[in-house]
Amino acid sequence: MQGYLRQDGRKGIRNVVAVVYLVECAHHVAREVTLPFREQGAHLIGFPGCYPNAYAQKMMSRLCTHPNVGAVLAVSLGCESFNRSELASTVKASGRPVETLVIQETGGTRSTIEQGRQCVQRMLEQLQQTPRVELSISDLVVGTICGGSDATSGITANPATGMAFDQLVQEGAACIFEETGELVGCESHLARRAATPELATELTASVEKARRYYQTLGHGSFASGNAVGELTTQEEKSMGAYAKSGTASINGLLKPGDFPGQSGLYLLDVVPDGEVRFGFPNINDNAEIGELIACGAHVILFATGRGSVVGSAISPVIKICGNPQTYHRLEEDMDINAGAVLEGKADIAQVGREIYDCVLETAAGHATASESLGHQEFIMTYKQFEPLGPSCLPVVS
């Protein structure tokens with residue numbers, strides 16, 4: 001495998017231009033800038049809010065300096081609160097080309113779109129000169145989520161993903177799982193796998209925070225579609241979600257935008273700190289995907305039973321379908337048929353190996369199903385997080 005070498009030594013598996021709107025008022029212009037370049041690697045991301053938010057600033061900083069990103073064009077309306085100068089300085093310091101267009105200063109919609117397209121064209125030409133270097137499994141960060149879960153998810157797709165995680169961790173990759181709201185009831189299992197007693201306490205506290213958050217909201221992480229798919233309880237869904245983490249020791253706890261300190265397995269805490277103030281922690285699967293990518297994930301493993309067609313900007317999404325009927329209905333959107341286990345055509349270990357191989361093929365440049373279909377979903381809302389303590393990232397010999 002070969003990757004794209006960045007100045008900080010990290011290696012990307014894609015080489016995209018990120019076109020970033022800094023407020024919803026600039027969204028249309030930024031989207032129009034990317035449209036002619038969708039097949040050439042221009043990806044649209046952004047933050048819609050007009051008021052300042054440290055989480056959004058950190059998330060955008062991490063995303064714009066992600067190893068899969070080679071250059072950045074920021075599109076500002078001009079009067080929003082997002083600190084565009086700070087973002088541009090961060091990207092420039094990372095060695096990437098960066099430009100900022102301010103719509104109120106560049107002649108409005110049509111003029112800014114034209115200038116933006118010229119800028120993206122220049123950046124794409126520059127990115128052709130990005131040095132390629134050898135890429136090993138230990139260079140990779142891999143994230144996982146599940147969405148559209150049904151009764152098959154916890155017995156096929158999720159445990160097979162866990163087996164792939166085990167192999168990736170064993171070979172030196174950093175792997176991240178999340179959904180603390182779906183790990184309620186699994187605290188003792190998480191704690192037993194913690195690398196240190198202090199980390200066990202932190203893992204337990206993160207799930208307890210999720211429990212309090214959902215109690216306040218009056219709604220757990222259980223959708224009507226889960227019930228239609230014959231999941232019976234939140235507990236059943238939680239155990240299925242937990243299976244994605246595999247069996248390795250847990251090395252640390254992250255919050256959105258934090259990087260894994262080293263190889264190993266990490267839990268991502270996606271539930272905001274403090275009092276409930278911004279609504280549901282993640283309003284859809286792509287909010288979670290964005291946070292995994294902000295932690296450096298090169299690839300996302302997405303396990304589903306009922307089916308999902310989404311992908312993502314910046315990092316490719318591999319879709320693993322646990323339900324054979326869903327797989328055959330949505331085969332064009334799926335990468336892995338974990339439902340083959342229920343069809344008697346494979347066992348969990350074989351599907352786990354197939355997922356592992358797909359990660360390496362994707363890292364080597366093979367397009368996933370969602371990439372081939374042009375999916376580049378992205379969403380980010382308001383949140384608030386406190387800094388992590390040292391016990392969340394133990395030094396492991």
Side-chain angles (χ1 to χ4, degrees), residues 1-20 33-34 37-45 59-74 87-99 119-143 168 171-176 257 259-260 262-263 289-301 311-318 335 356-372 374-376 378:
M1 295 186 293
Q2 286 198 319
Y4 298 93
L5 181 63
R6 309 303 176 192
Q7 281 193 8
D8 62 3
R10 294 196 294 169
K11 301 167 187 174
I13 64 170
R14 299 291 186 268
N15 201 22
V16 308
V17 174
V19 178
V20 187
V33 168
T34 62
F37 307 105
R38 288 183 61 198
E39 305 296 327
Q40 300 172 52
H43 289 200
L44 177 68
I45 63 174
M59 282 282 293
M60 205 53 73
S61 170
R62 295 292 193 260
L63 292 166
C64 289
T65 56
H66 187 282
N68 288 355
V69 173
V72 175
L73 169 63
L87 178 65
S89 296
T90 300
V91 176
K92 184 178 181 181
S94 76
R96 292 166 173 78
V98 56
E99 294 194 34
C119 178
V120 171
Q121 183 64 53
R122 288 195 302 273
M123 288 176 168
L124 288 170
E125 292 170 2
Q126 283 181 270
L127 292 189
Q128 293 179 11
Q129 307 305 317
T130 307
R132 302 296 303 274
V133 294
E134 289 300 313
L135 180 77
S136 66
I137 293 174
S138 60
D139 293 315
L140 293 177
V141 181
V142 183
L168 289 164
E171 297 182 13
C175 292
I176 309 171
F259 299 140
Q262 55 194 346
S263 63
I289 291 173
E291 290 176 334
L292 287 165
I293 296 172
C295 292
H298 294 89
V299 182
I300 306 297
L301 303 179
S312 176
I314 297 180
S315 293
V317 174
I318 295 171
D335 297 282
Y356 168 87
D357 289 341
C358 189
V359 169
L360 301 193
E361 290 167 3
T362 302
H366 178 76
T368 66
S370 58
E371 285 185 296
S372 298
H375 285 281
Q376 294 181 10
F378 183 85

Partner set under side chain to side chain contact (heavy atoms under 4.5 Å, CB included) for Val16, not counting sequence neighbours: Arg14, His43, Val69
Contacts of type side chain to side chain contact (heavy atoms under 4.5 Å, CB included), residue Ala367, not counting sequence neighbours: Glu371, Ser372
Any Phe37 side-chain heavy atom under 4.5 Å of Val17 side chain: no
Arg132: partners by side chain to side chain contact (heavy atoms under 4.5 Å, CB included), with sequence neighbours left out: Gln2, Tyr4
Non-neighbouring partners of Thr130 that pass side chain to side chain donor-acceptor pair (under 3.5 Å), sequence neighbours left out: Asn15
With sequence neighbours excluded, residues passing side chain to side chain donor-acceptor pair (under 3.5 Å) with Asp335: none
All side chain to side chain contact (heavy atoms under 4.5 Å, CB included) counterparts of Ala74, not counting sequence neighbours: Leu22, Thr100
Note: Asp8-Arg6 ion pair, threshold 4.0 Å (strictly below): no
Partners meeting side chain to side chain donor-acceptor pair (under 3.5 Å) with Arg96 (sequence neighbours left out): Ser94
Sequence-distant partners of Arg122, salt bridge (Lys or Arg N to Asp or Glu O under 4.0 Å), two or more places apart: Glu99
Note, Met1 side chain near Ser136 side chain (heavy atom, < 4.5 Å): no
Non-hydrogen side-chain atoms of Pro260 and Val141 separated by less than 4.5 Å: yes
Trace of the side chain to side chain contact (heavy atoms under 4.5 Å, CB included) decision for Ile300 with Ser312: CA-CA 9 Å; Ile300 306 297; Ser312 176; 5.8 Å; no
Where at least one partner belongs to residues 60-69, residue pairs that pass side chain to side chain donor-acceptor pair (under 3.5 Å), sequence neighbours excluded: Asn68-Ser315
Which residues share a side chain to side chain donor-acceptor pair (under 3.5 Å) with Gln129, sequence neighbours left out: none
